[in-house]
Structure formats: structure tokens, C-alpha cells
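Below is one structure; the comments refer to it alone.
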Amino acid sequence: MRRFVCLFDQKRESSSASIRADASMVTLSFPSPSLSFVESGTCSKSTHVSRVLFSGPHGESSEPSKILRDVHISERLMEDFTELARENTDKDLETCGTLAAFLERGVFYVTTLIIPKQESTANSCQAMNEVDVFSIQNERELYPVGWIHTHPSQGCFMSSVDLHTHYSYQVMVPEAFAIVVAPTDSSRSYGIFKLTDPGGMEVLRGCSETGFHPHKEPEDGKPVYEQCSNVYKNSNLRFEIFDLR
Ligand SMILES: [Zn+2]
Ligand SMILES: [Zn+2]
């Protein structure tokens with residue numbers, strides 16, 4: 001098992017204690033009421049938090065369909081994952097990983113990326129030995145708040161198989177998000193998505209098909225999935241990677 005540790009500048013006794021210290025000084029590009037607990041502290045390092053927003057043909061930012069807690073991810077997450085996936089990407093194979101977070105004062109901080117043993121093709125990625133992933137999460141008392149995978153040769157979107165995978169995350173944690181990294185998509189190299197709730201969640205709950213298949217539109221007129229508007233990139237969030245492959 002290879003273990004990578006990124007952006008560590010001090011030993012940590014517990015993840016929540018260390019992140020709290022890190023988050024003591026935060027500047028916001030986009031004000032967020034739930035971040036108002038953050039105040040200037042003794043931490044000398046300044047942290048920049050920016051909301052992940054998109055614009056363009058796929059990316060009109062929209063209001064979340066439900067009030068969700070904010071999620072902070074490391075600014076380096078997509079970059080580091082792209083690097084770890086490169087060998088597969090070059091062979092037109094997908095790579096997937098699970099994202100785990102701790103919850104503090106109503107904010108999820110994603111601190112851990114776990115890349116399980118996996119079997120993949122150009123348009124699928126199946127995690128194996130998921131018990132290893134659960135044990136890392138359980139040891140650290142982390143929530144499985146999301147997952148990340150590559151589309152080595154396809155665009156940046158959620159396939160029907162992705163939507164079913166994601167449903168199982170969002171059923172557990174309403175804030176669960178899916179990051180799609182698409183290095184060959186010239187319009188957008190990554191996207192952060194979730195199922196609309198209740199519309200998309202109901203469609204997936206009622207769908208028993210497997211493989212790639214079309215989904216009907218939700219009855220409320222919304223799309224099945226949408227961009228997350230509650231996910232922020234935090235420049236000083238500690239983040240560790242377990243590569244179990
Ligand atoms: Zn996919
Ligand atoms: Zn389906």
C-alpha cells in the first residue's frame with residue numbers, strides 16, 4: 001500500500017483538531033453564511049477558499065435544489081488525482097477514488113482520497129475490496145462524501161452508470177458529490193456533480209436498469225443531475241491519499 005501525504009505542515013493528533021487550526025484564517029471569494037464561524041486566529045498561514053463555479057454551455061450555475069452543508073476540498077485534489085491517474089489515462093482506462101471528510105460545525109472538510117484496487121475500461125471503473133476503503137474511513141471517523149473518476153477519452157458528464165454509482169453515495173450523505181475529471185474535454189477539464197433532490201433521486205430510486213441506458217426526466221422539470229454549488233476549494237486544507245492499487 002502506498003500512502004501519500006500532501007500539504008502536511010504539522011503532525012496531527014486528530015484530523016479535526018489540526019484542520020481547525022488550519023482553517024483559523026480564511027479569506028472568502030464568495031461569502032457563505034455557514035463559514036461565518038471562521039475568524040482570524042494565530043495561524044500565520046492564510047487560507048484562500050473559493051467556490052467552485054462553472055460557466056459556459058454546460059455550466060450555468062444554478063441554485064441548489066435543497067439547502068446543503070458546505071463542503072471544502074483541497075485545491076490540489078483534481079490536480080493530484082489527475083497525476084495519479086495518468087498511467088491509466090494514457091492507456092484509455094478510467095481511474096476512480098473515494099473522498100472522505102470530517103464534519104465540523106456544519107462544514108464537511110474532505111481530507112482523504114482513497115484509491116481502491118479496481119478494474120477499469122475506457123468507460124467504466126469498478127472498485128474491488130471495498131472493505132479496505134471502509135476501514136480507512138472508519139478508523140478516522142470520516143464520512144464518504146464523494147467520489148472522483150476520470151473520463152480518459154470522453155467528455156465531462158455523468159453517464160447513467162455514474163448516476164447509479166452516485167445514487168448510493170447521495171442516499172447516505174445528501175451533500176455527496178461526484179467529480180468527473182476529463183483531461184481531453186476542451187470545454188471543461190472537470191465537473192462536480194450531484195443528483196437533483198428530490199427529482200433526480202426519485203428517478204434513480206425507481207430505476208432498476210443496469211449498464212448504459214437513458215433516464216426519464218424528473219417530474220419537477222429539473223435535470224437528473226446538476227453542478228454542485230456548495231463545494232469550495234480550500235488552499236490550505238490538509239489532504240492525504242491512500243493508493244491501495
Ligand atoms: Zn463516468
Ligand atoms: Zn438507471
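Counting starts at 1 for both ligands and their atoms, following the listed order. Since this is a predicted model, take the numbers as computed values, not measurements.
Excluding waters, the set of protein N/O/S atoms under 2.8 Å from the Zn ion (ligand 1) reads His149 NE2, His151 NE2, Asp162 OD1, Asp162 OD2.
Aromatic pair Phe177/His166: centroids not less than 6.0 angstrom apart.
His72 and Asn236 are not linked by any side-chain donor-acceptor pair at a separation below 3.5 angstrom, with hydrogens and angles left out of the test.
To the nearest 10 degrees, the angle centred on the Zn ion (ligand 2) between NE2 in His164 and SG in Cys207 reads 110°.
Here the rule is side chain to side chain contact (heavy atoms under 4.5 Å, CB included) with Ile192, and of Ile73, Ile148, Val180, Val71 only Ile73 fits it. Each of Asp132, Thr112, Ile115 was evaluated against Phe242; a single residue qualifies, Thr112, per the side chain to side chain contact (heavy atoms under 4.5 Å, CB included) test.
Annotation: Glu87, atom CD; neighbour count of heavy atoms from other residues, nucleotides and ligands within 6.0 Å does not exceed 12.
Under a 4.0 Å N-O distance rule, the pair Asp243/Arg245 qualifies as a salt bridge.
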